[in-house]
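Labels below follow one simple rule: chain letters A, B, ... track the order of the sequence lines, proteins then strands, and each chain is numbered from 1.
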Amino acid sequence: MSLKTTVKIKAMTKTLLLIDGNSLAFRAFYAMYNQLDRMVAHTGLHTNALVAFNNFFDQVVEKMNPDYALVAWDAGKGATTFRAKIFDDYKGDRQTTPPELSEQFPYLRKMVDLHGIHSYELPGFEADDIIGTYSKLAEKAGLKTTIITGDRDLTQLVTDNVSVNVTKKGVTELDRYTPKFLAEKWGGITPSQVIEMKSLTGDTSDHYPGVTKVGLKTAIKLLNEFGSLDGIYQHIDSMKTSKLKENLLNDKESAYRAHELATIRTDAPVELEMKELINQPINFQELIPFYEELDFKVQLAKIHSMQKAGMVGQDQEEEKNVQVTELKAANLDHLSEIKNYLTVYFQTDSDNYHTAKISAFVVGNENDGYFASRDLELLNSSVVRKLFKGDLPKYVFNAKELIVLLNRLGLQINNLDFDFLLVSYLLDTTDNDNQLATLANRFNVFLESDAEVYGSGVKFKIPENNETLFSHMANKASTISKLHDPSMKKLSDHQQAELYRQIELPLSKVLASMEINGIKLDQAELKKLGQEFDQRIFELEKQIYEEAGQEFNINSPKQLADLLFAHMKIPPIKKTKTGYSTAANVLEELAEKYPFVGLILQYRQLAKLNSTYVKGLLEVVNPDDSKIHTRYLQTLTQTGRLSSVDPNMQNIPDRDEEGKRIRKAFVPSHEGWEIFGSDYSQIELRVLAHVTGDENLKKAFESGEDIHAATARSIFGLSTDQKITFDQRRRAKAVNFGIVYGISDFGLAQRLGTSRIEGKEIIQTYFHEFPKVKNWIDSIIALAHKQGYVETIAQRRRYLPDIHSKNFNLRSFAERTATNTPIQGSAADIIKIAMIKMQQALDDNHLKAKMLLQVHDELIFEAPKQEIDILEELVPKVMDSAVKLNVPLRVEAHHGVNWYDEK
DNA sequence: TGAATCACG
DNA sequence: ACGTACGTGATTCAA
């Protein structure tokens, strides 16, 4: 078919789209019911039905592009329909509309309106009747009509010119009923017989009865024989005596009433003329603020990209690019004009700001414009130094990074006030990729991502062209400036301003100095260890190949599994997604019967130490100062802990003697100094005692007794003079861990190597002994269900979007995190506060000691030997008084000539 | 790029 | 009945 004829046909037969608003709204609401809690706008409005309805417009209506369109609604409360007058229990048992849906109706209507489509309702009539009436009017006018509904009753309106699309799944997958499709689907029934059928079967959703015991199949059989309700009753006398005949006779009145109720009116006194139903273009002008109100990020991003592609008009205002001037020696004095606040952004060529090349910088604000340059020398000018040191509040994205970069340039900055990265993290940790463009998106501010402008992976390149680079950087700076007000407002709404001002923001400075200081690595010591490991690995390799009778890659779990479970025919113990597991706990079990497997375990241990901790650390040590400068990620974890990368200094081996030797290579950076370490004892269980208020648990901590022993005493019913066996303590320790992690009988049994039944008994006994722990767990899960998030003692927040999932696994996981996060996260709050106070104490006491590392519940320092005595008193004091809990905090301190000897 | 493994609290 | 304890990062293999 040529394009010309297609156009002609379209031009000749105009189309009308009739939408059953209420029916689709209900469909949309229940189709997205499991998303109900996830889809809430900042205003608190539920948006699940709105989202689905919007998808419906995008995917269905846009494709149809009808000439005329109308959404019909049931008239609101107070309007009695003619059906209710016939039958006062009409729709009687139907659940009242849930409030979460009711609140969406005004917005649904507005959405329809902004899509250029008329809404219509008529007191005394339902949406069905409006649709029926217009479908007849359209037929007379020679239009092709499409009806969209979730209600099959409307199929009675089907003709050659009227098709009825009934929702199949959600609101975008539809069954298209034509006379032919209807006949195929329902045993040869015609559209008008749909009414006859409903008369016999009744309608459960509208709550009117038909004939007792008559369902779809019987109804079709009767209609095929007698044609209609009238036909059935005209011939009823000739029917054989049967239960069916009896029911038909008994329920004749209800069948005829059902007939009347099921019949859709086609003569409702509708007022709109067809020409008023012309499908209007989408009103983007108003749709954007509307979507913003609903927090429709995806849709806003879509409009934004359409605007960029020139497909949709936009205001001149938005078109305007951010003002950016290249900064030069000649115009430096412009900077002294900047008032109110100063946004600062530095562009680097890689994530590791300790080593990255600093490509360019931009400073400025929304009123006074932005100034960018690649010339870092300009930063040494007195104008810039004064500006950075001055009182203007500074707005940045990642304060810690900026401090480190400036430090590299010998510069300092004062009055860091707004760090959008930190603020976004505190507001919501979910899906935080730490990218400005993504985080800005949460506030409906759109910015090209670095990947779009600079490329990613091997294609990444900082543009050589000044205009490209400076304009992107100015856009970033402008985004930071614009996000100050809305994000700080939200922070106060969440009661998190103190968490930000008193903890995270000051902490970023402390962390910056820790990173800058770094920890000294004795490279010779580590290399020596590496040589020993190399030698032993080589010998183990030889022995393994010999005993295996072949060479293979021992590092490949797949090849190892092949050897063990196929070639050597050892019975496997555990499976992974892809094959048989060769994990350490499996191999340990096998090693008891097959000594050969023990060699693999030894090989694995040494290979790990060698590659990750010997080679790995030697690769990242800074050759200039022989120090390791890790980066703490302050805005990554879901609980509020820090993490550490490049390298990870929070997982240096400690549990096995062999691995611990790595720690000998971490030494003080000055002669006559020592490594000093201090750790909280059982901080998480103490937090548990605090948040639950459990008397028994509190008592255990107040007595100063070993907590696992105390727990053993409680759950195994031992008196104070009875001795606790090693195994009882071990089991109690596993229970304590289990409680903190969100226990299950199976999980506990697995770890204790006992039966599930016994696991269950132990948990029950624990809860009996520590009843408030049980109460707290129950109530925190209930709270998570109610509000969708949990909080730590410092109002750190973690959202749990899966807490209402229908998927058991996802929901259970969310419930376990609901109990674990307040504990792990509050412990993180405590050590963060301690770190800020610790830095302050070191400064106040004019100590040379430096805080170097944080490992979740411990702090590592280096200090002159003469200061060790002071630290032994000061550090525990600062740490255990950081936060006042209703149980004491205990801190242990150690020191030595290296990190190994500090224990 | 994901899975498996193993290092830490 | 569901599957099975919380939070991380680095290395290696194999597609």
**Item:** Between A/Q682 and A/D857: side-chain donor-acceptor atoms closer than 3.5 Å
**Value:** no
**Asked** Taking 4.0 angstrom as the limit, do A/E515 and A/K850 come out as a salt bridge?
**Response** no
**Prompt:** Which part of the nucleic acid, if any, lies within reach of A/T819 when heavy atoms closer than 4.0 Å are counted: base, sugar-phosphate only, or nothing?
**Reply:** nothing
**Prompt:** Can A/E532 and A/R536 be counted as an ion pair, charged N to O under 4.0 angstrom?
**Reply:** yes
**Message:** Taking 4.0 Å as the cut-off, does a side-chain nitrogen or oxygen of A/Q559 come that near to OP1 or OP2 on C/dA14?
**Reply:** yes
**Prompt:** Within the pair A/N648 and C/dA10, is there a side-chain N or O less than 4.0 Å away from OP1 or OP2?
**Reply:** no
**salt_bridge(A/R729, A/D706) N-O dist < 4.0 Å** = yes
**Prompt:** With a 4.0 Å cut-off on heavy atoms, is A/S581 in touch with a base, just the backbone sugar-phosphate, or nothing at all?
**Reply:** sugar-phosphate
**Message:** Under 4.0 Å from OP1 or OP2 of C/dA14: is there any side-chain N or O of A/S556 that close?
**Reply:** yes
**Asked** Within the structure, does a side-chain N or O atom of A/R816 lie under 4.0 Å from either OP1 or OP2 of C/dC6?
**Response** yes
**Asked** Do the side-chain N or O atoms of A/N553 get closer than 4.0 angstrom to the phosphate oxygens (OP1, OP2) of C/dC13?
**Response** yes
**Message:** Going 5' to 3' along DNA chain B, which are the first and last nucleotides with any atom under 4.0 Å from a heavy atom of chain A?
**Reply:** B/dA3 to B/dG9
**Item:** Of residues 677-691 of chain A, the positions that come close to DNA chain C - non-hydrogen atoms, cut-off under 4.0 Å
**Value:** none
**Prompt:** Separation of A/K615 atom NZ from C/dG9 atom C1', in whole Å?
**Reply:** 19 Å
**Message:** Ignoring hydrogens and geometry beyond distance, is the side chain of A/S643 in donor-acceptor contact with the base of C/dT8 at under 3.5 Å?
**Reply:** no
**Message:** Regarding C/dT4, can its base be found pairing with the side chain of A/R756 as donor and acceptor, where the two atoms are less than 3.5 Å apart?
**Reply:** yes
**Message:** Rounding to an integer number of angstrom, what distance separates B/dC6 and C/dC2 when you compare their C1' atoms?
**Reply:** 30 Å
